[in-house]
Structure formats: C-alpha cells, structure tokens
Amino acid sequence: MNQRIWQVVALIPPGKVATYGDVARHAGLPGAARRVGYALRQLPAGSRIPWHRVINAQGRISLPAGTGGEYTQRERLEAEGVAFIGGKIPLRSYRWHPGAST
DNA sequence: CGAATGACTCCTT
DNA sequence: CAAGGAGCCATTC
C-alpha cells in the first residue's frame, strides 16, 4: 500500500507539487490523505521517491519542525524551481495535474 | 476488538 | 487570515 502511494509520488514531475489528498486520490485511496503522510514517514532514506514534492492542501510543508525535514523539503523544492510565496507554495501554479504534462 | 495517534482535509466562527 | 471541531483511513498497543 505504501508502495502504491510512493508510486504516485514518484511520478510527480519536477517543478511541480501535489497535496497529500491528491496523491491519495491518484493512488486509489480517496480520503486517505493521512495514509500518504504515514507512508511517506515509512519511506526509506535511500528511496528515490521525491517525497519533497508532496505537501499539504495549504501549500505548506507539513513536516514537523525539529527533524529538519521541513528545511530539506523547502530546499529541494526551491532547487527544482518551486517558489515559496509568503512562506508557502502557490498551488494555483504548482499544483500537479496527472497527465497534464504534455 | 477497543482506544489512541498521525507528513491530512474541509467547514464554520 | 487564524483558530476550533469533525471526518477520514491505516498502523500500533
């Protein structure tokens, strides 16, 4: 199941982001946004899963401060071209749409 | 099986 | 915009 979520997260294109709810929905788990966070938490350190492209519906980083994860995620996103406006990401522009790549 | 928890989301005030 | 409450699903004890 986690693999299911990781798979969806893995196909998120760079420079774009998706919300937990969106990932859950595309993973076939509508309403399981929490499951996404849970799965990402179980995500191995050596995984190639761009978990940093997953954020909450507020366009903000949900990672708990103290683990430094919030910092890493922001750094990675900015490195991919994602901008933090007012401390958050404008989902209106960066929200990932499956199949909308081309 | 029952109760508690969590990288969540939506609605109302 | 900020804060509070309820719903959601799976994992863990």
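Numbered from 1 within each chain, the chains take letters A, B, ... in sequence-line order.
- Between the side chain of Tyr38(A) and the base of dA10(C) there is no donor-acceptor pair of N/O atoms closer than 3.5 Å.
- Rounded to whole Å, the distance from CD1 on Ile12(A) to P on dA7(B) is 19 Å.
- The CD1-C1' distance, from Ile89(A) to dA7(B), rounds to 14 Å in whole Å.
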(Q) Quick one, Leu91(A) with Val17(A), criterion side-chain contact (heavy atoms from CB on, under 4.5 Å). Give me CA distance, side-chain angles, the key distance, then yes/no. (A) CA-CA 8 Å; Leu91(A) 292 175; Val17(A) 297; 3.9 Å; yes
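- For Leu29(A) and dT9(B), the CG to C1' distance is 15 Å, given to the nearest whole Å.
- In terms of hydrophobic clustering, with Ile, Leu, Val, Met, Phe, Trp and Tyr side chains grouped at heavy-atom distances under 4.5 Å, Val82(A) and Ile85(A) are assigned to different clusters.
- Partners of Arg95(A) under the salt bridge (charged side-chain N to carboxylate O under 4.0 Å, His left out) rule, at least two apart in sequence or in another chain, are Asp22(A).
- Gln58(A) places no side-chain N or O within 3.5 Å of a backbone atom of Lys88(A) that could act as its donor or acceptor partner.
- Looking at residues 72-86 of chain A, you'll see that no heavy atom sits under 4.0 Å from any atom of DNA chain B.
- The side-chain heavy atoms of Tyr20(A) and Arg34(A), taken from C-beta on, include no pair separated by under 4.5 Å.
- Residues that satisfy the salt bridge (charged side-chain N to carboxylate O under 4.0 Å, His left out) test with Glu70(A), not counting sequence neighbours, are absent from this structure.
- Residue pairs satisfying the ring pair (Phe, Tyr, Trp, His ring centres under 6.0 Å) criterion with at least one member in residues 31-79 of chain A, sequence neighbours excluded, are absent.
- Residues from residues 41-57 of chain A placing a heavy atom under 4.0 Å of any atom in DNA chain B, listed by number, are Arg41(A), Trp51(A), Asn56(A), Ala57(A).
- Taking atom CZ of residue Arg25(A) and atom C1' of nucleotide dC8(B), one finds them 13 Å apart after rounding to whole Å.
- The closest side-chain heavy-atom distance from Ile55(A) to Arg60(A) is not below 4.5 Å.
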Q | Protein-to-nucleotide contact annotation, 5' to 3' order, nucleotides 2-7 of chain C [B base; S sugar-phosphate only; - none; under 4.0 Å, heavy atom] | A | -----B
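- Within the 4.5 Å cutoff, side-chain heavy atoms of Arg53(A) are placed close to those of Pro14(A).
- Spacing between atom CG of Asp22(A) and atom C1' of dC8(B) amounts to 12 Å, rounded to whole angstrom units.
- A salt bridge is absent between Glu80(A) and Arg76(A): the closest approach of a Lys/Arg side-chain nitrogen to an acidic carboxylate oxygen does not fall below 4.0 angstrom.
- Note that CZ of Arg74(A) and CG of Leu63(A) are 13.5 Å apart. Values are rounded to the nearest 0.5 Å.
- The NZ-C1' distance, from Lys88(A) to dC8(B), rounds to 16 Å in whole Å.
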